[in-house]
Number of protein chains: 2
Amino acid sequence: MTKPTVVTLNDLKVACENCSLSRLCLPMGLDEKDVTRLDQIINRTKPHHRNDYLFREGDTFKGIYAVKTGSIKTYISREDGSDQVLGFHLPGEIIGLDAIETGSHGCTAKVLETTAVCLIPYEKLEKLSVEIPSLQHQMFRLMSREITNESNMLILLGKRNADERLATFLLSLSQRYKQRGFSATEFNLSMSRNEIGNYLGLAVETVSRLFTRFQDEGILKVERKHIELLDLEALKGICDSSPRQNNHQNSA
Amino acid sequence: MTKPTVVTLNDLKVACENCSLSRLCLPMGLDEKDVTRLDQIINRTKPHHRNDYLFREGDTFKGIYAVKTGSIKTYISREDGSDQVLGFHLPGEIIGLDAIETGSHGCTAKVLETTAVCLIPYEKLEKLSVEIPSLQHQMFRLMSREITNESNMLILLGKRNADERLATFLLSLSQRYKQRGFSATEFNLSMSRNEIGNYLGLAVETVSRLFTRFQDEGILKVERKHIELLDLEALKGICDSSPRQNNHQNSA
DNA sequence: TTAAAATATTGATCCAGATCAATAAAAACT
DNA sequence: AGTTTTTATTGATCTGGATCAATATTTTAA
């Protein structure tokens, strides 16, 4: 509490130990002293604005980013102009872990709304992880979670129909907002219908029609970007409904 | 070279330093001394046979597995009996990284053909990674690569048509076999058509028809599980062909 | 060796969701 | 305020690949 270290007002605004997200973010599980050490390697910049790039495909990898406020989308472009949205990233989430192996970014990170991020320089982070076992532990956990998240998306894209995809997407946002202390049932979408469709492997028209239908069915209320989830149970029901793709593979 | 340590014949057969895969696997980038330390925590078991499980969904996470010989599939089951194959794993590849965060396995690993694996107990590995920075480095790299691989699958499932999916799959196998010193153009599929279809988000009938068509077009020769790739360039052409999904999102 | 079960192939039909098209409504410029 | 551009909605049509169905082949069991 009464640390003797001199901190400026500016530092106070941004330090991990004063950040409400630290229990979700990289500092999770670190003790006070170690958080301070981590803090010292982190670069904070002024807020980024809509359509800014945090990094682009092919950029040299400098470090991973933690979202503080706002939201980010990551996507991969193909030469023919088609994109694949890989994810939407909310406060407390980490971006850029896929670039560690190759040393350059394999996707582009674009700002969806005014957003503040922390840049954690990777080389320093790796050195510090050797010195702070709990930091290494947390890095392994974060990367492991990322792998699990992507596996879940593979199921979504490989096996689920349009209804299930959108319902799962909305519930995911709901849960993540809730974890962050926001309403689980009322929020604004920072991404367009097009981006949602792209992420979910659906055409924009399909997304639009689904929103309309879900609203007609009383499951939610949608007006432009504003969403109100009226029946979470119904949404959950949609997520794991139809038994399609009954492949008995080798049930041995 | 002339290490004074006493090793039994059995040890010799299996130690990382005598394993031809070490340049692909966990020991990559470690010096001789560190490989020996890593070796000491690794458990080797007798070969597993077709349809054995390495671990099942929900099992307590003990450690990660490195495939030595043979092949493994990982998949997630749903209560309704439908599965999603997450991957096929060849020698030198690591399985189980997704379980680090939760402490229990989120997918099942099933043996496709007689297979030898190394089990690397996770707690010991984490401790050792603090002591051996190059091991921590390699772990970060491996996990990062896993994230990249899964991103690539997301594109495949989200945006590519059936032809592109199968062509990409075959080329991936080709490259991975080549890296491991096997033929890039002739190999046996250890998985069924059903499993391929499941992995690629296609019906088994579609996979079967594609094999037939690719053969008719002179791109490959297929007989049951045996594949001969006759025209790698044609396959590559199929992988990045059609410009579908021309979404101009926000081209800002 | 034969029987039963699993796996693969091929053909016919169907449908969820893509694509095409038109309009409406916001947002961004001027 | 008006004009252009982007984004969203709704309807009509089309199609890639799923599903259904029948048969053939291979593997496993007995």
Side-chain angles (χ1 to χ4, degrees), chain A residues 49-51 73 82-83 85 112-113 156-167 188-216 221-227 238 241-252, chain B residues 49-51 73 82-83 85 110 112-113 156-167 188-216 222-227 238 241-252:
Chain A
H49 300 101
R50 180 164 170 77
N51 292 334
K73 75 163 173 180
S82 72
D83 294 343
V85 173
L112 290 173
E113 60 188 323
L156 201 72
L157 293 179
K159 294 279 174 300
R160 322 285 13 171
N161 68 22
D163 294 40
E164 294 163 332
R165 293 183 196 193
L166 187 62
N188 284 299
L189 300 170
S190 57
M191 67 296 288
S192 68
R193 302 287 191 271
N194 204 324
E195 289 165 327
I196 295 172
N198 188 306
Y199 177 59
L200 297 176
L202 299 172
V204 57
E205 296 92 333
T206 304
V207 174
S208 190
R209 276 184 253 269
L210 284 174
F211 271 127
T212 305
R213 210 182 77 225
F214 284 175
Q215 178 161 259
D216 291 348
K221 227 161 83 67
V222 54
E223 203 197 323
R224 196 82 183 156
K225 302 277 187 189
H226 187 262
I227 295 281
I238 293 170
S241 45
S242 51
R244 343 161 43 227
Q245 297 259 132
N246 221 49
N247 58 318
H248 323 277
Q249 299 199 148
N250 34 350
S251 37
Chain B
H49 301 100
R50 179 165 171 76
N51 292 334
K73 76 163 173 179
S82 72
D83 294 343
V85 173
K110 196 168 181 177
L112 291 172
E113 61 190 320
L156 201 72
L157 294 178
K159 294 280 174 300
R160 321 289 6 174
N161 68 23
D163 294 41
E164 293 164 332
R165 292 183 196 193
L166 187 63
N188 284 299
L189 299 171
S190 57
M191 68 296 289
S192 69
R193 301 285 191 272
N194 205 323
E195 289 165 327
I196 294 172
N198 187 306
Y199 177 58
L200 298 176
L202 300 172
V204 57
E205 295 93 332
T206 303
V207 173
S208 191
R209 276 184 253 268
L210 283 174
F211 272 127
T212 305
R213 211 182 76 226
F214 284 176
Q215 178 161 262
D216 291 348
V222 54
E223 203 195 325
R224 196 83 182 152
K225 302 277 187 189
H226 186 261
I227 295 281
I238 293 170
S241 44
S242 51
R244 337 160 50 226
Q245 298 260 128
N246 222 51
N247 58 319
H248 320 279
Q249 300 200 146
N250 35 352
S251 37

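In what follows, every chain begins at residue 1, and chains take the letters A, B, ... in the order their sequences are listed. Small disclaimer: the values here were computed from a predicted structure and weren't measured.
- Considering all non-hydrogen atoms of both residues, B:Ala162 and B:Thr206 come closest at CB-CG2, 4.0 Å.
- Direction change of the helix axis from one end of the helix from C:dT1-D:dA30 to C:dT30-D:dA1 to the other is 60°, with five pairs defining each end axis (rounded to 10°).
- Comparing atom distances between the B:Glu205 side chain and each of D:dT10, D:dT19, D:dA8 picks out D:dT19 as nearest.
- Side-chain atoms of B:Arg193 and base atoms of D:dT25 include no donor and acceptor less than 3.5 Å apart.
- In the set D:dA8, C:dC20, D:dG17, D:dG17 carries the atom at the smallest distance from any side-chain atom of B:Ala162.
- Under the side chain to side chain contact (heavy atoms under 4.5 Å, CB included) rule, A:Val207 has a single partner from A:Asn198, A:Thr212, A:Ile196, which is A:Ile196.
- A straight line from NZ of A:Lys225 to P of D:dA8 spans 5 Å, rounded to a whole angstrom.
- Rounded to whole Å, the distance from CG on B:Asp163 to P on D:dG16 is 10 Å.
- Taking only side-chain atoms of A:Thr206, from C-beta outward, the nucleotide of D:dA8, D:dA18, C:dG17 with the closest atom is C:dG17.
- In the set D:dA18, D:dT7, C:dA8, D:dA18 carries the atom at the smallest distance from any side-chain atom of B:Leu202.
- When rounded to the nearest whole Å, the span between CD of A:Gln215 and C1' of D:dT10 equals 14 Å.
- For B:Arg193 (side chain) and B:Arg224 (main-chain N/O), a donor-acceptor pair under 3.5 Å exists by modelled atom type.
- Here the shortest heavy-atom pairing between B:Arg50 and B:Leu112 reads NH1-O, 2.8 Å.
- Side chains of A:Lys73 and A:Glu195 form a contact here, defined as non-hydrogen atoms less than 4.5 Å apart.
- A donor N or O paired with an acceptor N or O is found under 3.5 Å between the base of C:dT19 and the side-chain atoms of A:Arg209.
- Checking C:dT10, C:dA8, D:dT7 against every side-chain atom of A:Ser192, the shortest atom distance belongs to D:dT7.
- Residues A:Lys159 and A:Glu164 approach most closely at O-OE1, 4.5 Å, considering heavy atoms.
- For B:Asn161 and C:dG17, the CG to P distance is 18 Å, given to the nearest whole Å.
- Counting atom types as modelled, A:Arg165 pairs no side-chain N or O with a base atom of C:dG17 as donor and acceptor under 3.5 Å.
- Distances shown here put every side-chain N or O of A:Thr212 at or beyond 4.0 Å from the OP1 or OP2 atom of D:dT9.
- Nearest approach of A:Leu200 to A:Arg165, heavy atoms of both residues: O-NH1, 2.8 Å.
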